[in-house]
A.B. asks: 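Got a structure for you, written out below as structure tokens; questions coming shortly.
In what follows, every chain begins at residue 1, and chains take the letters A, B, ... in the order their sequences are listed.
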2 protein chains.
Amino acid sequence: MAERKSAERKSSDERRDEIVRATLRLVAAKGFAGVTLREVATEVGVVHGLIRHYFTSRDELVAAAFDFAVTSELASDRALLDGLDPVAALAGWLAATPEDHYRVWIDAWSEAPRTPPLAAALDRHHRDCERILTSVIERVVDAGLGASADPAADSRLLTAVADGVAVQHHAVGVIDVDEANAIVFAVAERQLALEPGSLARANPVPARGQWAEGAAR
Amino acid sequence: MAERKSAERKSSDERRDEIVRATLRLVAAKGFAGVTLREVATEVGVVHGLIRHYFTSRDELVAAAFDFAVTSELASDRALLDGLDPVAALAGWLAATPEDHYRVWIDAWSEAPRTPPLAAALDRHHRDCERILTSVIERVVDAGLGASADPAADSRLLTAVADGVAVQHHAVGVIDVDEANAIVFAVAERQLALEPGSLARANPVPARGQWAEGAAR
DNA sequence: TCTCTTGTTATCCAACTGGACAACAACGCT
DNA sequence: AGCGTTGTTGTCCAGTTGGATAACAAGAGA
């Protein structure tokens, strides 16, 4: 009569994906250092021993979570940007990112110096971001809508501004989303010789991908 | 014959200070979430029970450590800046900060959303930093060496750039200290209508206060 | 149907955590 | 000298952690 209550049996890939997403949700809520295997297991609805069936160590799990976060984020961003005209794409890329996304980035900055695999992933994805922005800048220049003597350098500069503003907005909380966008747009317009106000006008509705459906407690 | 080996008996203030500094060193090395009372005690050379004699909880300890870090850092910065001419002060403030210092800031950004007292301290100190930079900008303007329509807004902007560049330098590691300074200086010179290169020339030797003598393991 | 693989559970473990407490020792005060 | 205060130690505790492992269960392929 003591019926064994098992979680639904799933394929390896499905379960693995489920675990990674749950980990990511918890990382966004509690930071890389704050997630425990037991919490992840509870979130998924399985026993904590099962996690080890998919990831040989905790570090491997959180590294996979960060990798998944950025990979899926950048994939959906690329798809979104491709469908926009150059200036709108620039505005869309520079506009403030959802809270959850940036929390993960900020946590990664904090943990990377202590976690080599995370540092490697961070380095790689940061360069990806700079490259994407560089190509967007090149599209703007090629369309004759702006100027840039060194798109890669301008990309690096604007990435720094966007990150710094995101810190003020998401972590410190001294500015709201409109102020954040205003600052980044102003710097970008001046740096790339765009018409003042053009980025704010072109800014598309923020519809970036969500990996964090359902709030982690 | 079993001689009791005690740590040197110290005054309350002395010991408290010693504990806070040790905590800060460990926070810089392992993050706010990574420090344990036992490690702090070992670092100081006492038993972990003694920590509780000075701080009623772990949270109170790390909050005190962050507060001490920023308070002493800003105090020594203020003293340094006051002795410099306006442009040199601006360059000194914007120039890259020692690794340990920024590690603590980045960790605070990461932890603040989860730790209310840390969030309060972060908000306060962030505003302090913006205020200091604002007054430096005003000194530059008053001396007729540069222009700023809104010193507070420019301070906010340059703070964002400095933070974003610091992330790229200290956390991600994609740029070195010279590149970091070059980016921040270039933005500041353009934003404040300074002569290009003037900040690099005026940049004083980095001699900011050190609270982290002796490396934490 | 039998077997082999693999997703899953239930425990166990050694290590470590923050906190509590009683005993001790050094010092200041009277 | 006696005494109270307090800096300091050693030890205990209940809880949590990441990891290991054996048993179980649900399929797949022969």
Side-chain angles (χ1 to χ4, degrees), chain A residues 1-23 26-27 29-66 111 114-118 216-217, chain B residues 1-23 26-27 29-65 111 114-115 117-118 216-217:
Chain A
M1 65 179 87
E3 185 179 344
R4 196 185 187 97
K5 190 165 57 177
S6 286
E8 187 186 358
R9 188 187 177 92
K10 303 206 172 180
S11 78
S12 180
D13 287 348
E14 251 180 314
R15 184 64 87 192
R16 191 186 171 93
D17 198 62
E18 212 176 7
I19 293 173
V20 170
R21 286 174 192 270
T23 304
L26 289 169
V27 166
K30 328 180 71 162
F32 282 99
V35 295
T36 70
L37 298 186
R38 280 171 171 84
E39 279 172 333
V40 172
T42 302
E43 179 91 4
V44 176
V46 296
V47 170
H48 89 278
L50 186 60
I51 309 282
R52 225 187 87 80
H53 189 72
Y54 293 90
F55 299 90
T56 56
S57 77
R58 201 197 86 105
D59 281 355
E60 194 182 312
L61 172 63
V62 297
F66 177 69
E111 289 293 323
R114 298 181 281 272
T115 311
L118 199 58
R217 97 207 78 157
Chain B
M1 64 179 85
E3 184 179 345
R4 196 183 187 97
K5 188 167 57 178
S6 288
E8 187 187 358
R9 188 187 176 92
K10 302 207 173 178
S11 79
S12 180
D13 286 350
E14 249 181 316
R15 182 65 87 192
R16 192 185 170 92
D17 198 63
E18 211 176 8
I19 293 173
V20 169
R21 288 174 190 269
T23 305
L26 288 169
V27 166
K30 327 181 75 161
F32 283 99
V35 295
T36 71
L37 299 185
R38 279 172 172 85
E39 279 172 332
V40 172
T42 304
E43 179 89 4
V44 176
V46 295
V47 170
H48 88 278
L50 185 60
I51 309 283
R52 227 187 86 81
H53 189 71
Y54 292 90
F55 300 90
T56 57
S57 75
R58 199 198 87 108
D59 282 353
E60 194 181 312
L61 173 62
V62 296
E111 290 292 324
R114 298 181 283 271
T115 311
L118 199 58
R217 98 206 78 162

A.B. asks: Using a cut-off of under 3.5 Å, enumerate the N/O to N/O pairs linking the protein to nucleotides 3-6 of chain C.
C.D. replies:
| from | atom 1 | to | atom 2 | distance (Å) |
| --- | --- | --- | --- | --- |
| C:dT6 | O2 | A:R9 | NH2 | 3.2 |

A.B. asks: Can you see if the side chain of B:Y54 gets near the phosphate of D:dT6 - specifically, an N or O under 4.0 Å from OP1 or OP2?
C.D. replies: no
A.B. asks: Taking side-chain hydrogen bond (donor to acceptor under 3.5 Å, both in side chains) as the definition, give me every residue that meets it alongside A:D59, ordered by chain and number, with sequence neighbours left out.
C.D. replies: none
A.B. asks: Base, sugar-phosphate or nothing for A:V40? Non-hydrogen atoms, less than 4.0 Å.
C.D. replies: nothing
A.B. asks: Not counting sequence neighbours, which residues clear salt bridge (charged side-chain N to carboxylate O under 4.0 Å, His left out) with A:E14? List them please.
C.D. replies: none
A.B. asks: Five pairs per end, C1' atoms only: what is the angle between the end axes of the helix from C:dT1-D:dA30 to C:dT30-D:dA1, to 10 degrees?
C.D. replies: 0°
A.B. asks: Nearest whole angstrom, please: distance from the C1' of D:dT8 to the CD of B:E18.
C.D. replies: 13 Å
A.B. asks: How would you list, by chain and number, every residue that makes a side-chain hydrogen bond (donor to acceptor under 3.5 Å, both in side chains) with A:R52, sequence neighbours excluded?
C.D. replies: none
A.B. asks: Could you check which of D:dT8, D:dG18, C:dA10 has an atom nearest any side-chain atom of B:R15?
C.D. replies: D:dT8
A.B. asks: NA contact type, A:V44, heavy-atom cut-off 4.0 Å: base, sugar-phosphate, or nothing?
C.D. replies: nothing
A.B. asks: Can you sort out the partners of A:L37 under side chain to side chain contact (heavy atoms under 4.5 Å, CB included), two or more places apart, ordered by chain and number?
C.D. replies: A:I51, A:R58, A:L61
A.B. asks: Could you check A:L26, A:V62, A:T23 and say which one makes a side-chain contact (heavy atoms from CB on, under 4.5 Å) with A:F32?
C.D. replies: A:V62
A.B. asks: How close or far is atom P of D:dT17 from atom CG of A:L61, stated in whole angstroms?
C.D. replies: 14 Å
A.B. asks: Please report the distance, rounded to the nearest Å, between CZ in A:F55 and P in C:dG7.
C.D. replies: 13 Å
A.B. asks: By salt bridge (charged side-chain N to carboxylate O under 4.0 Å, His left out), which residues pair with B:R16, not counting sequence neighbours?
C.D. replies: none
A.B. asks: Can you list the residues that meet the side chain to side chain contact (heavy atoms under 4.5 Å, CB included) rule with B:T36, with sequence neighbours excluded?
C.D. replies: B:R38, B:E39
A.B. asks: Which residues pass the side chain to side chain contact (heavy atoms under 4.5 Å, CB included) test with B:H53, not counting sequence neighbours?
C.D. replies: B:L50
A.B. asks: Decide yes or no for B:R15 and B:V46: does some side-chain heavy atom of the first lie under 4.5 Å from some side-chain heavy atom of the second?
C.D. replies: yes
A.B. asks: Given atom CD1 of B:I51 and atom C1' of D:dG7, what is their separation to the nearest angstrom?
C.D. replies: 13 Å
A.B. asks: Can you list the residues that meet the side-chain hydrogen bond (donor to acceptor under 3.5 Å, both in side chains) rule with A:E60, with sequence neighbours excluded?
C.D. replies: A:T56
A.B. asks: For B:A63, enumerate each residue passing the side chain to side chain contact (heavy atoms under 4.5 Å, CB included) test, keeping only those at least two apart in sequence or located in another chain.
C.D. replies: none
A.B. asks: All N/O contacts under 3.5 Å from nucleotides 19-21 of chain C to the protein, with atom names and distances to one decimal?
C.D. replies:
| from | atom 1 | to | atom 2 | distance (Å) |
| --- | --- | --- | --- | --- |
| C:dG19 | OP2 | B:R58 | N | 3.1 |
| C:dG19 | N7 | B:H48 | NE2 | 3.4 |
| C:dG19 | O6 | B:H48 | NE2 | 2.7 |
| C:dA20 | OP2 | B:R52 | NE | 3.4 |
| C:dA20 | OP2 | B:R52 | NH1 | 2.1 |
| C:dA20 | OP2 | B:R52 | NH2 | 3.0 |

